Amino acid sequence: GAGVSQSPSNKVTEKGKDVELRCDPISGHTALYWYRQRLGQGLEFLIYFQGNSAPDKSGLPSDRFSAERTGESVSTLTIQRTQQEDSAVYLCASSLGVGNTIYFGEGSWLTVV
Amino acid sequence: KNEVEQSPQNLTAQEGEFITINCSYSVGISALHWLQQHPGGGIVSLFMLSSGKKKHGRLIATINIQEKHSSLHITASHPRDSAVYICAVPPYGGSQGNLIFGKGTKLSVKP
């Protein structure tokens, strides 16, 4: 596609439910990144993929968070048993390779009530 | 761990003014990123640089590797430049795919 596409753009979920956030990177981009931004806070790195493997998942805040990528394309970020502190915008980005210019999606706004 | 400090936190300027935003980091890096976050939340990568200076339109980014410092300059500022500007660097000993972000500089350009 023309840019990084994320869905849903907005999600309101009840505490304790699981959510899945999807990211479609720019075609041909082998590197894919997930970041989080809580309201009024800075960006936080979560995980990145090179191809389908995740060399660095050090930013995932707990074992309730997981991510996968298939076909060197779409990635899914899953949050299990959501908590209120998970409320944030989750941003996906991609680049041709690690060390290249990063292109961001518009984000998925998650609200846990 | 690499520490990233940006200054100023907030900046208000009159249209046409020359703007400078600073970023300092604590550990040597391979490259530094400058990002722009629009009021609606969208993020655009402005520059990625590892040495010297880069220019794109009215934007100029410089980096001094020895001093661990980078600056983002905006010439002839315009209200549409109003945004949050963020610098980011890889963590010390971390992978290139990981980034540590500054808290951002909120710029408001008045007409």
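Since this is a predicted model, take the numbers as computed values, not measurements. Proteins get letters first, then strands, A, B, ... in listed order; numbering begins at 1 in each.
Contact annotation for A:Gln37: only side-chain heavy atoms (C-beta onward) come within less than 4.5 Å of a heavy atom of chain B. Contact annotation for A:Ser95: neither backbone nor side-chain heavy atoms come within less than 4.5 Å of a heavy atom of chain B. Only the side chain of A:Tyr35 comes within less than 4.5 Å of a heavy atom of chain B; its backbone N, CA, C and O stay farther away. If you measure heavy-atom distances from A:Leu91 to chain B, the contacts under 4.5 Å come from the side chain alone.
A:Leu46 places a side-chain heavy atom less than 4.5 Å from the side chain of A:Pro61.
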- Message: Please evaluate residues B:Ser70 and B:Tyr25 with respect to the criterion side chain to side chain donor-acceptor pair (under 3.5 Å), reporting the C-alpha separation (whole Å), side-chain torsions for both, the decisive distance (0.1 Å), and the verdict.
- Response: CA-CA 9 Å; B:Ser70 176; B:Tyr25 51 93; over 6 Å; no

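The aromatic rings of B:His73 and B:Phe18 sit parallel to each other, their planes meeting at less than 30°, with 60° as the upper class boundary.
The hydrophobic cluster containing B:Leu46 also contains B:Val89, counting ILVMFWY residues as joined when their side-chain heavy atoms lie under 4.5 angstrom apart, directly or transitively.
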